2 protein chains.
Amino acid sequence: MNSNPLIPKELKHYFTLGLSIDCVVFGFDGEKLKVLLIERGDSPFKGYWALPGDLLAPEKDLNSSVNDVLNNLTGLNDLFFEQVETFGEVDRHPFGRVLTTSYYTLVKISDYELNPASFACEAKWFNMEDISELAFDHNKILNTCFDKLQTSIRIKPIGFELLPPKFTLTELQLLYEAILDVKLDTRNFRKKILSMEFLINTGDLQANVSHRPAKLFEFDEMRYNSIKEKGFSFEI
Amino acid sequence: MNSNPLIPKELKHYFTLGLSIDCVVFGFDGEKLKVLLIERGDSPFKGYWALPGDLLAPEKDLNSSVNDVLNNLTGLNDLFFEQVETFGEVDRHPFGRVLTTSYYTLVKISDYELNPASFACEAKWFNMEDISELAFDHNKILNTCFDKLQTSIRIKPIGFELLPPKFTLTELQLLYEAILDVKLDTRNFRKKILSMEFLINTGDLQANVSHRPAKLFEFDEMRYNSIKEKGFSFEI
DNA sequence: TGGCTTATTGTTTATTAAACAATAAGCTGT
DNA sequence: ACAGCTTATTGTTTAATAAACAATAAGCCA
């Protein structure tokens, strides 16, 4: 049962920590940026809204447990997470010493169904501005992850995971505006994003709209990935 | 002695983790970028070179323990660290389950004396290119921190901590070249760095050099800090 | 004073960002 | 068919920034 069989006696005291994983799942609904929260059905902080998170099992890798934790609580699955920061104030957890490593990801809300389970008695998307006091130090964690998201989107072309396979440039612009919380100039935005050449004009048009239909784009995955690795500067 | 008095029985199993802190101390000697390593005098990895690092005591905050860990092993003191990433592969430590949170900092080598202590039987500055196989997964950790350093220096004006209070523009350029591992155009570098207006020309000149003495600059701390917070783009 | 060493500076050209509004295309209802 | 509505699309001018490039300045020393 002890996961640390070789620990010298004098070090036993150091092997009493708990570590949790907290997931910040940002969602886009075509208009606003949201965050997925759960209502906790167990102590501590029973009844509070919180980031989906749970203790790391000693026999599991850290980074590869994130999806399990999220899946257990909300039903969401198979997401790509970015690790952000580990929080370790002594008194951040009322039960004892629990540090937590935070991660964020981005999803398209309509692609997923929420199925709260385990100690999550509810799971819900919240507008960023509607979030009040969360359990633990989760407000701080959320803010840190949001800052990181805003920085990242200027350096890497994240965002495509959040759109349908074929999308319009207007949809893409709305996504950037939602994440950065600014209004962008349409002409300049389009010039810039097209100049990066990871968008492909499919030739298809939007259907069933009562106005001029927009061109549908998809993205060039090869080129997108190579840019994503190198990074770029998206000052817009 | 148990630091987690309120843990429900069924969760005891989760509170058996160890967490260490690993410090990547980059140093600048006026010419090359170096890293501070210790030779481990204790098992595991006795005799190996390693990043200075130690277990986190359950009664101490994570971020504020970094300086203690480093000070214990090397005598260095009072540095500003940036947290980078937490590594948590199950088998990364031979004694059992130990995750590690990594941090980096930057120092001017000549400002510090090395005093290895505790299980560090040696402490030494290594050129980045002279580093071979380190203990644990420390090569991976070092690489991750180095990537982060290179990214950060393009976004924030780090670097001044590494220079004497009054320094020449050539010294500053050498620092950037050491960290980024590139050659920069002197005229463009000076224009760019001066246009940011956090450098103050002290009016003093370099002394005891057998060539045209350079002007000595210091930096405008107020302005430097405000830029550091907002971030900037140092594509150079 | 000539020679050595490093410091300092400016111009031209290319690229990128910013600001700004008129026209196009499909749909709807008449 | 067309007038009116809605959103999509596009280009130009100006300003700012980046890139490329080499001659002169200033102190020291012999």
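Every chain is numbered from 1 and lettered A, B, ... according to where its sequence line falls, protein lines coming before strand lines. Heavy atoms only: backbone and side chains are in, while hydrogens, waters and symmetry mates are out. Worth saying up front: this structure is predicted, and the values here are computed from it rather than measured.
Both tests pass for A:Lys124 against the ring of A:Phe126: distance under 6.0 Å to the centre and angle within 45° of the axis.
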Apply side-chain hydrogen bond (donor to acceptor under 3.5 Å, both in side chains) to B:Asn72 and B:Ser118, showing your working.
-> CA-CA 7 Å; B:Asn72 249 357; B:Ser118 180; 5.5 Å; no
For A:Thr144 and A:Phe87, run side chain to side chain contact (heavy atoms under 4.5 Å, CB included): C-alpha distance rounded to whole Å, both residues' side-chain angles, the deciding distance at 0.1 Å, then the answer.
-> CA-CA 11 Å; A:Thr144 303; A:Phe87 296 83; 3.7 Å; yes
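The nearest whole Å value for the distance from the CZ atom in A:Phe189 to the C1' atom in D:dT10 is 16 Å. Regarding A:Leu194, its CG atom lies at a distance of 16 Å from the C1' atom of C:dT16, rounded to whole Å. For the pair B:Asn188 CG and D:dC21 C1', the computed distance is 9 Å after rounding to whole Å. Across the protein-nucleic acid pair, B:Lys192 atom NZ and C:dT15 atom P stand 17 Å apart, rounded to whole Å. Across the protein-nucleic acid pair, A:Arg187 atom CZ and D:dT7 atom P stand 18 Å apart, rounded to whole Å. Per the geometry, CZ belonging to B:Arg154 stands 13 Å off P belonging to D:dA18, to the nearest Å. A straight line from CG of A:Leu216 to P of C:dG26 spans 13 Å, rounded to a whole angstrom. Distance, B:Leu184 CG to D:dC21 P: 15 Å, rounded to whole Å.
Residue-level contact check: B:Thr170 touches the backbone only, with heavy atoms under 4.0 Å from sugar-phosphate atoms and none from bases.
Of the residues in residues 200-212 of chain B, those placing a heavy atom less than 4.0 Å from an atom of DNA chain D are B:Val209, B:Ser210, B:His211, B:Arg212, in numerical order.
Between B:Glu129 and B:Lys32 a salt bridge is recorded (basic side-chain N to carboxylate O distance below 4.0 Å). Salt bridge status for A:Asp137 with A:Lys140: absent, with no side-chain N to carboxylate O gap under 4.0 Å.
For the pair A:Asn67 (side chain) and A:Asn77 (backbone), a donor-acceptor distance under 3.5 Å is absent.
At the phosphate of C:dT8, OP1 or OP2 sits under 4.0 Å from a side-chain N or O atom of B:Arg190. Distances shown here put a side-chain N or O of A:Lys215 below 4.0 Å from the OP1 or OP2 atom of D:dT10.
No donor-acceptor contact under 3.5 Å links the side chain of A:Lys191 to the base of C:dT15.
In the set D:dG11, D:dG27, D:dT9, the nucleotide with an atom closest to the side chain of A:Thr186 is D:dT9.
Note on ring orientation: taking the six-membered ring where Trp is involved, the planes of A:Tyr104 and A:Phe26 are perpendicular (angle over 60°, cut-offs 30° and 60°).
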